[in-house]
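Structure record follows, encoded as structure tokens.
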2 protein chains.
Amino acid sequence: MGISERREREKQELREKILEKAKEILIKEGQDNLSIRNIATAIEYSPATIYLYFQDKDEIVYELMEMGFERMTSELQGAFEMTDPVERIRHIGQGYIAFGLKNPEWYDIMFNAPQPIQHLTKCQEEWGFGIQLFDFLVNTCEEAMSQDRTRKQDPRLVALHLWSTVHGLVNLSRSQRLEMVEQNNNDSLIQRTMESMLQCIFR
Amino acid sequence: MGISERREREKQELREKILEKAKEILIKEGQDNLSIRNIATAIEYSPATIYLYFQDKDEIVYELMEMGFERMTSELQGAFEMTDPVERIRHIGQGYIAFGLKNPEWYDIMFNAPQPIQHLTKCQEEWGFGIQLFDFLVNTCEEAMSQDRTRKQDPRLVALHLWSTVHGLVNLSRSQRLEMVEQNNNDSLIQRTMESMLQCIFR
DNA sequence: AAATATAATGAACAGTGTTTAGTAAAGTCA
DNA sequence: TGACTTTACTAAACACTGTTCATTATATTT
């Protein structure tokens, strides 16, 4: 029964090809130009064909989100391996911000766009990568607390404080609101703000 | 020459009507349904007419942003008048978050959407309301610092820390990423996180 | 070779922002 | 009042969007 196996493989290959082209378009032309029709012409198939491999556009965006998390995770690898918990947090923060500023389209899909979440709730799955990342941050906060590097408090709140600040900074920069109130020195301003936060949480 | 005055007045009235209906649609049907065509049918004019009163959709969104800032400013009035600088910051933060969670569409237009900013850069104007709000926050931080309620540091960085955290929290909630990592107690979680931040900045 | 199962598509639906040429109404002036 | 001009408005088109479905083409099996 090698034939049906080949067919299955070919189906998988076209699915991969769709995702690859979607990724290319996202990087080169941005989220606004990531349309079913653009993907279709890129893979030289009709738009309707894409719906034989994905139930809707949300599913494609969801897959792109997963790819984004893999990219980000690999970029943060060095930070994850830091022995000192506070240094670990500092490097994760810096890496997170750097990723967000360098890959705004990926970041948007991962942390802002409603589509991947809609896909998740539709399929009753969970936000695996995100939970993993957040839990790691919570654990690191707990570690810092056990070393008396910060005052006793709910580590989940500290983690959320850290996350929301860097998320807020990336989004304010992305949406051009930051440059509206502070013309000069965008990147270093973000760096210094995060450092200011770390100074006030950890010792 | 009362005739041309009446005409001018009538033009202004239709402009106002367009904005009023745009506001209604934004509130009742959300940003996704805020289309030129929907506004046009609501005011019982053709879509093309709207372009006689606004150069493009961005300009309408810009005007809605201004309305949003007026709404927010009036809601924050009580907070602005607090005598204690730290309490002032606390109430501004709470009000900011409450506004963002209660009026997600307004919030999006004011702090996330690229359209109003595109309109600004096109017209070489500045983000008046936003700058005003941020500068007020900076001044309040300076006041708190002069009262020795927080350690000596750049007040603009403290203000940005405060802003990015609440902005991040509102956006994480809005984009459903928060409920992905913390199922229970969304609103109070946000409150407690902000409180945790205030505790670590001010004394 | 004929029958069947699978894959791919053309065309349509309902929607988007925006432009342009043409029409209808209102104001101006002889 | 009638002719002319200015202003206000709109129908229709352009180039897009996601999605569905009946139909066609291809590949596999009998």
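The sequence lines fix the lettering, A, B, ..., with proteins before strands; numbering per chain opens at 1. Everything quoted here is computed from the prediction, not taken from an experiment.
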| task | Mind checking the CD-CD1 spacing from B:E24 to B:I39? Nearest 0.5 Å is all I need. | result |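 Output value for this atom pair is 11.0 Å.
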| Residue whose closest nucleotide on DNA chain C lies nearer the 5' end, A:I50 versus B:D58 |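 Residue closer to the 5' terminus by nearest nucleotide: A:I50.
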| A:F80 vs A:F136 aromatic rings, parallel, tilted or perpendicular, using cut-offs 30° and 60°? |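 Ring orientation of A:F80 relative to A:F136: perpendicular.
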| message | With a 4.0 Å cut-off on N to O distance, would you call B:E59 and B:R15 a salt bridge? | response |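 Answer for the salt bridge query: yes.
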| said: Salt bridge check, A:K17 against A:E20: does any charged N sit closer than 4.0 Å to a carboxylate O? | reply: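 No.
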| said: Treating primed atoms plus P, OP1 and OP2 as sugar-phosphate and everything else as base, which nucleotides of nucleotides 11-17 of chain C get B, S or - for protein heavy atoms under 4.0 Å? | reply: -B---BB
In whole angstrom, what separates [X]'s [atom1] from [N]'s [atom2]?
| X | N | atom1 | atom2 | result |
| --- | --- | --- | --- | --- |
| A:Q118 | D:dG18 | CD | P | 14 Å |
| A:I43 | C:dT9 | CD1 | C1' | 12 Å |
| A:F54 | D:dG18 | CZ | P | 14 Å |
| B:K122 | C:dT18 | NZ | C1' | 12 Å |

| said: Give me the atom names and distance for the closest heavy-atom approach of B:H167 to A:G168. | reply: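 Distance-wise, the nearest heavy atoms are CD2-O, 3.6 Å.
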| request: State, to 0.1 Å, how close B:I201 and A:C200 come at their nearest heavy-atom pair, and which atoms those are. | output: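 Nearest heavy atoms, B:I201 then A:C200: CG1-SG, 3.8 Å.
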| query | So which pairs with a foot in residues 39-48 of chain A pass side chain to side chain donor-acceptor pair (under 3.5 Å), sequence neighbours left out? | reply |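 Found A:S46-A:T49.
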| Would you say C:dA8 has OP1 or OP2 under 4.0 Å from some side-chain N or O of A:S46? |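 It does not, given that no N or O in the side chain of A:S46 lies less than 4.0 Å from OP1 or OP2 of C:dA8.
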| message | Give me each pair satisfying salt bridge (Lys or Arg N to Asp or Glu O under 4.0 Å) with a member in residues 156-165 of chain A, each pair once, sequence neighbours excluded. | response |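 The answer is A:D135-A:R156, A:R156-B:E182.
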Tabulate protein N/O versus nucleotide N/O from nucleotides 4-7 of chain C, keeping only pairs under 3.5 Å, one per line.
unit_1 : atom_1 : unit_2 : atom_2 : d
C:dT6  : O3'    : A:R7   : NH1    : 3.4

| message | Could you work out how much the helix from C:dA1-D:dT30 to C:dA30-D:dT1 bends, comparing the axis of its first five pairs with that of its last five, to 10°? | response |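 So the angle between the two local helix axes works out to 30°.
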| request: Can you establish whether the number of heavy atoms outside A:K28 located under 6.0 Å from its atom NZ is more than 12? | output: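 Not buried by this count: 12 neighbours or fewer within 6.0 Å.
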| message | Is it true that B:T165 and A:S164 share a donor-acceptor pair across their side chains at a distance under 3.5 Å? | response |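 There is no such pair between these side chains.
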| message | Once ring pair (Phe, Tyr, Trp, His ring centres under 6.0 Å) is applied, what residue pairs with a partner in residues 51-72 of chain B remain, sequence neighbours excluded? | response |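 Those involving residues 51-72 of chain B are B:Y62-B:H119, B:F69-B:F111, B:F69-B:W127, B:F69-B:F129.
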